[in-house]
Amino acid sequence: MLKIWINIRQQNYSKENETTEAVPELLEVSVNFPEVIQANQEVVIEAAVTQGQEKVEDANEVKFEVKKAGQVTSEEMIAEHQGKGVYSITTTFQEAGTYSVTAHVSTRGMHNMLTKEIKVE
C-alpha cells in the first residue's frame, strides 16, 4: 500500500513540474523626445526597449506610427537600432499641432506598443 502511494505521489510531482515553465518577463517600451518641438525642425524620437533588466538588442521590428490629431491617415517609420536597447527615428513635423506617436515593438515572440502625445509649436 505504501509503495502505491509513493508511486502516485511521484507521478503527481512530475506532472506539476511539467506544467510549471518559466514565464518570460514582459517586454517594456518607453518613448522619449524633447519637451519642446518646433515645426519644420528635425527631431529625434527614441524607443527604449527592455525585457526585465535586459536591454533588448535584437528586436525583430521597431517602428513609429505618427498621426496628427483629427486626421485619419498616419505615417509609419522604421526605427534604427542605436545600441543599448534604444531604437530611433529622425523626423520633421511640418505643421504645429498635437500628434500621437505610437512605438510598435516586435521581438522574442511578443509585441508591445506605447502611444504618447507630442505637441508641436
For Val36, all residues meeting side-chain contact (heavy atoms from CB on, under 4.5 Å), sequence neighbours excluded: Gln38, Glu121
Salt bridge (Lys or Arg N to Asp or Glu O under 4.0 Å) partners of Glu61, counting only residues at least two apart: none
For Glu80, the side chain to side chain donor-acceptor pair (under 3.5 Å) test, sequence neighbours excluded, returns none
Identify, with sequence neighbours excluded, every residue that meets side-chain contact (heavy atoms from CB on, under 4.5 Å) alongside Glu57. Lys55, His81, Lys84
Side chain proximity check, Leu27 to Val56, heavy atoms < 4.5 angstrom: yes
Shortest non-hydrogen contact from Leu114 to Ser30? CD2-CA, 3.9 Å
Under 3.5 Å, side-chain donor or acceptor atoms of residues 42-50 against the rest of the protein: list the pairs with distances, not counting sequence neighbours.
none

Can you name the residues that form a side-chain contact (heavy atoms from CB on, under 4.5 Å) with Leu26, not counting sequence neighbours? Glu28
Which atoms form the tightest heavy-atom contact between Ala79 and Tyr87, and what is the distance? CB-CB, 3.9 Å
Out of curiosity, does Val105 fall in the hydrophobic cluster containing Met113 (side-chain heavy atoms, cut-off under 4.5 Å, transitive links)? no
Check against side chain to side chain contact (heavy atoms under 4.5 Å, CB included), Val101 and Phe33: CA-CA 10 Å; Val101 175; Phe33 48 83; 5.6 Å; no
Sequence neighbours left out, what pairs pass side-chain hydrogen bond (donor to acceptor under 3.5 Å, both in side chains) with at least one residue falling in residues 101-115? Gln51-Arg108, Glu54-Arg108, Asp58-Arg108, Glu65-His104, Thr102-Thr115, Ser106-His111
According to a hydrophobic-cluster definition based on side-chain heavy atoms being under 4.5 Å apart (Ile, Leu, Val, Met, Phe, Trp, Tyr only), do Val86 and Val62 belong together? no
Return the set of residues passing side chain to side chain donor-acceptor pair (under 3.5 Å) with Lys67 (not counting sequence neighbours), or none when no residue passes. none
What pairs meet the ring-ring contact (aromatic ring centres under 6.0 Å, His included) rule with one or both residues in residues 38-62, with sequence neighbours excluded? none
Residue pairs involving residues 38-65 (criterion ring-ring contact (aromatic ring centres under 6.0 Å, His included); sequence neighbours excluded): none
Set of side-chain contact (heavy atoms from CB on, under 4.5 Å) partners for Gln71, sequence neighbours left out: Lys68
